[in-house]
Structure formats: structure tokens, C-alpha cells
Amino acid sequence: MLLLDADRPEPVRGGARELAVFLTPEPGAEAKEVEETIEGLLLRLEEFCSLADMIRSDTSQILEENIPLLKAKVVEMRGIYAKVDQLEAFVKMVRRHVSFLEAHVLQAERDHGALSQTLRKWLGSSGLPALGNKRWAPVAPTFKLPALYRTEDYFPVDVGEVMPRAPSCQRRL
């Protein structure tokens, strides 16, 4: 109402106009500031989207290329683990057979070794030095070799892999 009031003096009207112009915001400057802020946000959003696309493409590449390779390695390793398990079972069986044979060898040594020691002492004390020093031919053993395993039963050999070898040592008669 101050501006429309014609009764008032001119300096009051001029001061009111200046105050009104001063207090009225300038739409051009504020709009420019808002546009710059929006442009900055849009630029950051575009950078974020390009980064997300790059991550997606890298992930897709990893999934398409590396995962099948890893699956193939897993299948290969399962085969290797199965072979290792078979080898462990074979070694355990061989260990049992070796301990069994060692026990039999020790028993045979005790049985036959004690008899030959007694026989040597008796012959040495009888006064026949020639007979005491003479080596006796071993008597046919009554020991029967236990049935063992064949390595080929557990580890089949391909015919192409095994090459017949020539004897490395030649006998001279």
C-alpha cells in the first residue's frame, strides 16, 4: 500500500521502491546457482552409473570365463583326490603285508637259525673241525609263502606305456 499511496511524499515512495527492489530476489542468479548444482549432481550420477556398468561387465567376464575354468579344475582335483585315496589304501595294504612277512621271516629265522646254531656247536665240540667249518646246504624249507597281492591288480598298466627293457647287465660265462 505504500507504493500506491499517492498522498505520501516522493522520497518515501522512492525509498520504498528501492527497498522493494532490494528485497525482491533476482530470479536469474538463483536459477543459475540451482542449475549449476543440478549439473554437478548429474555429472556425479553419470560417473557412478559408468562405474556400476564397469563393475557389472567385469563381474560378467569373471563369471563367463573364470568360473568354468574353476569348475574344470574342481573336477580334475576330484579325480586326483580319488587316486590319492586309492594310493593310500594300497600303501596301507602293502604295510600290512610287509609286517606280516616280517613276522614270518623273524619266525623262520628263529626256527631255522636256532637249529643251525645248535648243530654247529655240537659239530664243533665233537672234534671234527672240518665238519664244523663247512657250510651246510639249506634244507628245503617247510615254510609256504603266503599269497600276496599283485601291483598290477591295483595299478593297471597300459601296454603302450611299458616298453620292454633290454637287460642292463650281461652275464659272462
Side-chain angles (χ1 to χ4, degrees), residues 17-117 135-173:
R17 274 192 206 130
E18 286 179 19
L19 183 61
V21 170
F22 179 74
L23 291 178
T24 306
E26 215 176 293
E30 284 184 8
K32 188 174 182 181
E33 186 179 320
V34 170
E35 283 179 14
E36 288 175 359
T37 305
I38 290 174
E39 286 294 322
L41 289 175
L42 287 175
L43 183 63
R44 288 182 187 154
L45 180 64
E46 186 178 335
E47 289 174 356
F48 176 76
C49 288
S50 66
L51 183 64
D53 288 340
M54 187 173 63
I55 290 172
R56 273 192 217 113
S57 68
D58 286 350
T59 304
S60 298
Q61 180 183 7
I62 288 171
L63 290 175
E64 291 171 1
E65 294 176 4
N66 294 340
I67 297 296
L69 293 174
L70 288 174
K71 285 183 179 180
K73 289 291 183 185
V74 166
V75 169
E76 182 181 339
M77 290 304 293
R78 284 184 185 150
I80 291 172
Y81 291 149
K83 287 180 181 179
V84 167
D85 290 342
Q86 290 173 348
L87 187 60
E88 285 178 347
F90 178 74
V91 167
K92 190 181 291 185
M93 184 203 53
V94 168
R95 185 181 305 132
R96 282 194 318 264
H97 283 283
V98 166
S99 63
F100 174 75
L101 286 176
E102 283 180 353
H104 274 52
V105 166
L106 290 174
Q107 183 63 38
E109 286 177 348
R110 276 181 273 179
D111 293 346
H112 297 293
L115 177 64
S116 65
Q117 291 291 339
R135 296 261 181 207
W136 291 91
V139 180
T142 58
F143 176 74
K144 183 178 177 187
L145 188 64
L148 295 179
Y149 61 92
R150 291 180 43 93
T151 308
E152 292 82 19
D153 294 340
Y154 294 92
F155 297 102
V157 178
D158 289 338
V159 177
E161 289 181 6
V162 177
M163 299 289 292
R165 287 189 267 164
S168 58
C169 298
Q170 296 178 357
R171 292 186 183 178
R172 294 185 184 173
L173 299 175

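FYI, side chains are in, hydrogens and waters are out, and symmetry mates aren't considered; it's all heavy atoms of this structure.
With values rounded to the nearest 0.5 angstrom, E88 atom CD is found 11.0 Å from Q86 atom CD. Residue L43 holds its CG atom at 13.5 Å from CD1 of I38, rounded to the nearest 0.5 Å. L45 contributes atom CG, which lies 10.0 Å from atom OG of S50 (distance to the nearest 0.5 angstrom). From D58, atom CG reaches atom CD1 of I62 across 6.0 Å, with rounding to the nearest 0.5 Å. Taken to the nearest 0.5 Å, the OG1 atom of T59 stands 10.5 Å off from the CE atom of M54. Of the inter-residue distances, the one linking D85 atom CG with I80 atom CD1 reads 12.0 Å to the nearest 0.5 angstrom.
Formation of a donor-acceptor pair under 3.5 Å by the R110 side chain with backbone atoms of L106 is found in this model.
With F100 as reference, H104 is the one residue of E102, R96, H104 to meet the side chain to side chain contact (heavy atoms under 4.5 Å, CB included) rule.
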